[in-house]
**Q** 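Below you will find the structure I want to go over with you.
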2 protein chains.
Amino acid sequence: MTSSTTQREYTIREAAALTGLPASTLRYYESIGVIAPVSRGASSGHRVYDEGDLDQLMWVACLAATGMSVGDMRAYVANGALGPEAALGQIELLSAQAQRLAAEAEQIVLRRRYVQIKIDYWRAVESGDTARADLLSAEARALADELRGARKPHVL
Amino acid sequence: MTSSTTQREYTIREAAALTGLPASTLRYYESIGVIAPVSRGASSGHRVYDEGDLDQLMWVACLAATGMSVGDMRAYVANGALGPEAALGQIELLSAQAQRLAAEAEQIVLRRRYVQIKIDYWRAVESGDTARADLLSAEARALADELRGARKPHVL
DNA sequence: GCTTTGACTTCACGCACTTGAAGTTCCTAG
DNA sequence: CTAGGAACTTCAAGTGCGTGAAGTCAAAGC
C-alpha cells in the first residue's frame, strides 16, 4: 500500500485526526507493539508518522472496530510487516477479517429485526391490540433464540 | 412483553443459557442496577428468574451488544420498568437504538468494502499488476476517509 | 450422615484504554 | 534574544466492564 509518491510526514496530532484514533491510543498501540515503532524527529524525539504508518494505523483501527483483541492485532500486523512477499498471508488474514465482518453484519440484521418487533409490539400495546401484541411477543422470543444462536465473542 | 401464560421460573444457570450471557454477568448487571433485583427462593436465597426478568435481560443483551454503556442501559431499563403506560417512551428508546444499529450497519458495510479492496490490492501485488495495485491503494485511502467520517463512539 | 452439586458473596484481577503529572521542545512574537 | 505557550515526551495511576477464584451455604442422592 506504499507508493513512493509524496512521502509526507505527520505529527501525532495529524495522525490522530487522519485515523480518527486519539493520540493517546496511538502511543498506546505503539507501546504494546500493535504497530511498529514510529520514527522520531532527530532533535525533538517527537513521533513522525509517514504514509506507511498511517496505513497500518487505518488497518488496525479497522480491526479494533470489530472487537479484535490487541494481542491478535499484534500478530496480524507483525505478519503484515514482512513486506510484499507476504501477499498470500495478508490475503488469508483479510479473508478471516471479512468473515468476521460478515458474521457481525448478520448479527446486526437480527438485532435490527428484534428492535423493530419490539417497536411494533409497543405500538400494538398502545393501541390496545393485545392479540397482535401477544403475537409479536412470541415473535420476539423466537428471534431472541436466533440472536443467541449466532453469537460472536466480541464486546460481550 | 409479558403474557400471563405459563409463568415459568428459571435458575440463574437456565437464565444464562437462555440469554446467552454468563451467570457472572447476570449477577453483575443486577449488582449495578442494570436490571431490577431478581426475586429469591425463600429457603435458599438463590435467584429465581421469571419471564419478565428474561425478557429484560434479552433486551439488555441487545443493548450491550451494540456498545451501550451500563449507565445508559440502566436508564433505559428503569423507564421500561414503568409498565405498559410507558409505551411511548419505550418506542422512543427503541427508535434511538434502531438508529444506533443502522449507523453500525453502515459502518460495517464500509469496513467490508475496505477489506475487500485490501484483498484485491494484495492479489494485484501478487500478480505483479502494480498499476492496479496503485489504483486500489488510492481507493482504500479514499474509503478510509469515509470510514473515519462516519465514526461511532462504541468500542473505540 | 456424608458428599456432591449448584448458587451464594466478596474481592481481586484483566483488558483496553484514558487521564494526569512533570518534564522537554518547538514556535511565535515582542 | 528571550519569554510564553502549545504540543510533545514518559510514566503512573485510574476507569469501565466484566471475569475468575476463594470460601460458604443449602438441598439432594447414595
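Below, chain A is the first sequence line, B the second, and so on; all start at residue 1.
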**Q** Round to a whole Å and report the spacing from CD1 of I35(B) to C1' of dG18(D).
**A** 14 Å

**Q** What integer distance in Å separates M68(A):CE from dC15(C):P?
**A**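 M68(A) atom CE is separated from dC15(C) atom P by 17 Å.
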
**Q** On DNA chain D, check which nucleotide each of S69(B) and G45(A) is closest to and give me the residue with the more 5' one.
**A**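 Upstream on the strand: G45(A).
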
**Q** Start with the C-alpha distance between E139(A) and Y121(A), add both sets of side-chain angles, then the distance that settles side-chain hydrogen bond (donor to acceptor under 3.5 Å, both in side chains), and finish with yes or no.
**A** CA-CA 10 Å; E139(A) 221 176 300; Y121(A) 166 80; over 6 Å; no

**Q** Does the pair E30(A)/R47(A) count as a salt bridge with the N-to-O cut at 4.0 Å?
**A**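 Judged by the 4.0 Å cut-off on N to carboxylate O distance, E30(A) and R47(A) do form a salt bridge.
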
**Q** Below 4.5 Å, heavy atoms only, C-beta onward: do E51(A) and R8(A) meet side chain to side chain?
**A** yes

**Q** Nearest-Å distance, CD1 (I32(A)) to P (dC15(C))?
**A**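 Distance, rounded to whole Å: 10 Å.
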
**Q** To the nearest Å, give me how far apart CG (L63(A)) and P (dA16(C)) are.
**A** 13 Å

**Q** If you take all heavy atoms of V115(A) and L94(B), which pair is closest and at what distance?
**A** CG2-O, 4.0 Å

**Q** Atom OH of Y29(B) to atom C1' of dG16(D): distance rounded to whole Å?
**A**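 Result: 12 Å.
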
**Q** NA contact type, S24(A), heavy-atom cut-off 4.0 Å: base, sugar-phosphate, or nothing?
**A**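 Contact class for S24(A): base.
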
**Q** For dG6(C), take OP1 and OP2 only and decide whether either is under 4.0 Å from a side-chain N or O of S44(B).
**A**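 Indeed not, no polar side-chain atom of S44(B) lies that close.
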
**Q** Quick check: on DNA chain C, is the nucleotide nearest A42(A) upstream (toward 5') of the one nearest G71(A), or the reverse? Name the residue that is more 5'.
**A** G71(A)

**Q** Any base atoms under 4.0 Å from R13(A), or only sugar-phosphate, or nothing? Heavy atoms, all strands.
**A** sugar-phosphate

**Q** What's the CG-P distance between L26(A) and dC8(D), to the nearest Å?
**A** 11 Å

**Q** Side chain of R47(B) only, please: which of dT9(C), dA27(D), dG18(D) is the nearest?
**A**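 So the nucleotide nearest the side chain must be dT9(C).
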
**Q** Please tell me which of the listed nucleotides, dC8(C), dT9(D), dA7(D), lies nearest to the side chain of R40(A)?
**A**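 When the side chain of R40(A) is considered, dT9(D) is the closest of dC8(C), dT9(D), dA7(D).
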
**Q** Does dT19(D) have OP1 or OP2 under 4.0 Å away from a side-chain N or O of T25(B)?
**A**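 Answer yes for this pair, as a side-chain N or O of T25(B) is under 4.0 Å from OP1 or OP2.
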
**Q** With a 3.5 Å distance limit and no angle check, can you tell me whether S39(A) reaches the backbone of V48(A) through a side-chain donor-acceptor pair?
**A** yes

**Q** Report the nucleotide, chosen from dG6(C), dT19(D), dA16(C), that has the shortest atom-to-atom distance to any side-chain atom of Y28(A).
**A**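 My answer, after comparing the listed nucleotides, is dA16(C).
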
**Q** To the nearest Å, give me how far apart CZ (R27(A)) and C1' (dT24(C)) are.
**A** 13 Å

**Q** Round to the nearest Å and state the distance from H46(A) atom NE2 to dA6(D) atom P.
**A** 15 Å

